[in-house]
There are 2 protein chains.
Amino acid sequence: MKEQQRRPTLMDVAHAAGVSRALVSIVMRGAPGAAESTRQKVLDAARELGYRPDTRARLLRSSRTKLIGLSFSSSQPFHAEIVDAAYAQANSRGYEIALSAVANGRTETRAIESLLDLGAEALIMISPTLGGDEMDRYSDQVPVVSLLRNNVGRLVDSVSSDDHAGIRLGVDHLVGLGHSKIVHVGGGTAVSAQERREAFRSEMQRHGLEATVIQGGPGEEDGLRAARFLRDNLPTAVVAFNDRSALGLIEGFRAYGLRVPADVSVLGYDDSQMARLSYVQLSSVSQDAPLLAAAAVDRAVDRIEGTASPAHVVRTPHLVIRKTTAPPAA
Amino acid sequence: MKEQQRRPTLMDVAHAAGVSRALVSIVMRGAPGAAESTRQKVLDAARELGYRPDTRARLLRSSRTKLIGLSFSSSQPFHAEIVDAAYAQANSRGYEIALSAVANGRTETRAIESLLDLGAEALIMISPTLGGDEMDRYSDQVPVVSLLRNNVGRLVDSVSSDDHAGIRLGVDHLVGLGHSKIVHVGGGTAVSAQERREAFRSEMQRHGLEATVIQGGPGEEDGLRAARFLRDNLPTAVVAFNDRSALGLIEGFRAYGLRVPADVSVLGYDDSQMARLSYVQLSSVSQDAPLLAAAAVDRAVDRIEGTASPAHVVRTPHLVIRKTTAPPAA
DNA sequence: TAGACGGACTAGAACGATCTAGGACCAAGG
DNA sequence: CCTTGGTCCTAGATCGTTCTAGTCCGTCTA
């Protein structure tokens, strides 16, 4: 067994560099008040010893961790894309991201508490399901940013995508291609599902078309079921609640010998990685995960550093046209 | 702006209950050495004040964080399943999981360092790509467990799945169904790809069959390309490197009007969530994410708590037969 | 009855950082 | 020659806990 060597502390570095702890502290956090020559000497000693500051001790004394907590759901691929982008943005603003997953037996509350225990100075929650009151209670402790959901507590920031605009883009695209018999397969009780249903109805009405909405859900199975239902009375185009549902729809249609997009166009929502796969090539409304993530991190940092009060950022999605939408058969 | 009120400390509780800090500490962590009557008095005072122990301070003093660092890749759905299970297992052994993703511009090194900064007492790395020397260097500081890869540094634990056994199960299954013309679509340079190729060759040989291995890769596109290649000289069954490749194969075969499994059987590997979807129903070799995750967490905890030396756990995968494998056409 | 023992409790030193107050030194100004 | 003001640096207090080494006091044992 190798001796588990103690992690070096400020004291060790100070000793090695021949200065006081306080000075090492000054150098390590880049504060003014150290001569350039000693600064180098200290940095060298620190590197030499492999010193890394102890987050807990630092937090205990200063209440700064430069840590932003991010809660996400491990089963949502779209969340993974946001996580990616959030890391990059946090990095460029000098913060670190602490991750906590909402998983099977692990509630959102649990995820958040663990982030707070780690000393997160702000919380970003992707599609939070907590009630407004609870969110507000956490907001008393640290700034909270809700991502992809905007009608949460009064004290919470939100960064969301304009669902109405997204659906409008989709409907305009399909109508522009010449479609008039368009159906929306809803998302059931999922977050944003209601907004998208209503947007679809209103946009179809604007075009003077009849809006048919059928039940669905957020998964592939839901799309598959919807395809079975639609077979008897086939529209020329379908706007799905999300990409997973769209994939189910396509799969279902194909099983009945229908071709996409020749017989029926299918439009997804999310522009997830699946949609981009070469054998899928799904046309989809993109919420642009990197932009959303960046905006959320920016809000968090602004709230931490300034005294900015809660704000609500809404981003407009855009359309990505691939190969599952085309003009209807003549 | 609301007044940020100071959080009550041990001192406050001690004062309210008329005892010393130390005694409150004893009561709060349920340690022996306090009379039942005072214990109640202290608990009442704590509840009254809404006292919650400060994790940072507590851990600073006891130099325990009860934190296990887990690095994963945000773009791998299979990793997400492991994350899920790891949370549960860590929880049941009294530890927390700190997550860190390897993402686009974020290297594995970076991910690990941030985990160490948070004070992780052990590291679990899923499919690590670092060299053995580097892994060993981290092992000097904390126990390191490599998950899904076993030929890493001398000082690291590993928990992996027996690839040879997995392929054997698959080949036995197909041969048992009556197949003899079986092809393996490889995983290129991906982790485990070589092991599976070799296992396939040796297992086919054991059955006295000719082993055909064609190039592939870990993605859907690779499967799609392989399908194109196989069309002219169709085998009766294909063993794919993983589920994603299998899905690409199926998609490709269908595009050519071939039915799965009537015309050709396809077997995946990983038993990912995709495989389980109702419209996919892919037969697959399951590495059983929950079991692997649990074993990795167990190794980590054992190393932290005991003085157990590095060990290598190998789990035997099992077969999940769904609807993409069937006897060959007569 | 003295000494040992053990249960209930406490004072004060850690833990590893930051912060405050101030010292040493040097150059410029009166 | 003494002050003033700036830069560079340090000692010591501090954050909220836990740990160590006691003290105190009643009871058991020889």
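In this text, all values refer to a predicted model and were calculated from it rather than measured experimentally. Proteins get letters first, then strands, A, B, ... in listed order; numbering begins at 1 in each. Below, each value reflects all heavy atoms present in this structure, side chains not excepted, and no hydrogens, waters or symmetry copies.
As a whole-Å value, the separation of A/Leu49 CG from C/dG16 P is 14 Å. Counting to the nearest Å, the C1' atom of D/dC19 and the CG atom of B/Leu59 are 15 Å from each other. In this entry the distance linking CE of B/Met28 with P of D/dG16 reads 16 Å, nearest Å. Regarding A/Arg56, its CZ atom lies at a distance of 14 Å from the P atom of D/dT18, rounded to whole Å. Here D/dT18 presents its C1' atom at 10 Å from CD1 of B/Ile26, a figure rounded to the nearest Å. If you take CE of B/Met11 and C1' of D/dT17, they are 12 Å apart, rounded to a whole angstrom. We find that CG of A/Leu10 is positioned 9 Å from C1' of C/dT18, with the value rounded to whole Å. Atom P of nucleotide C/dA8 and atom CD of B/Glu36 are separated by 10 Å, given to the nearest angstrom.
Minimum interatomic distance between A/Asp157 and A/Ala311 (heavy atoms only, all atoms of both residues): OD2-N, 3.1 Å. Of all non-hydrogen atoms in B/Leu123 and B/Ile112, the two that sit nearest each other are CD2-CG2, 3.3 Å.
Of the candidate nucleotides D/dG12, C/dA13, C/dT10, D/dG12 has the atom nearest to the side chain of A/Arg21. Closest to the side chain of A/Ala35, out of D/dC8, D/dC19, C/dA8, is D/dC8. For A/Arg61, counting side-chain heavy atoms from C-beta on, the closest listed nucleotide (C/dA14, C/dT18, C/dT10) is C/dT18. Comparing D/dT10, C/dC19, D/dG16 by their closest approach to the side chain of A/Leu23 singles out D/dT10. Side-chain atoms of A/Asp54 lie closest to C/dA17 of the nucleotides D/dG16, C/dA17, D/dT18.
Between B/Arg39 and A/Leu60, it is B/Arg39 whose nearest contact on DNA chain C lies nearer the 5' terminus. Remark on DNA chain C: of its neighbouring residues B/Ala57 and B/Ser20, the 5'-side contact belongs to B/Ser20, judged by nearest-heavy-atom nucleotide.
Counting any heavy atom pair closer than 4.0 Å across all strands shown, A/Thr38 reaches sugar-phosphate atoms only and no base atom. Within the 4.0 angstrom heavy-atom criterion, only backbone atoms of the sugar-phosphate kind lie near A/Ala34; the bases stay farther away. Note on A/Ala22: a base of the nucleic acid sits closer than 4.0 angstrom, heavy atoms only.
A sub-4.0 Å separation between OP1 or OP2 of C/dA17 and a side-chain N or O of A/Ser25 is absent.
For the 3.5 Å distance criterion, the side chains of A/Arg154 and A/Ser139 fail to qualify, holding no donor opposite an acceptor. Side-chain contact, A/Ser25 with A/Arg29: a donor N or O sits under 3.5 Å from an acceptor N or O.
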**Working for salt bridge (Lys or Arg N to Asp or Glu O under 4.0 Å), residues B/Arg303 and B/Glu121** = CA-CA 10 Å; B/Arg303 286 289 305 280; B/Glu121 295 185 56; over 6 Å; no

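In the interface, the side chain of B/Arg58 is not paired with the base of D/dT18 through any donor and acceptor atom under 3.5 Å apart.
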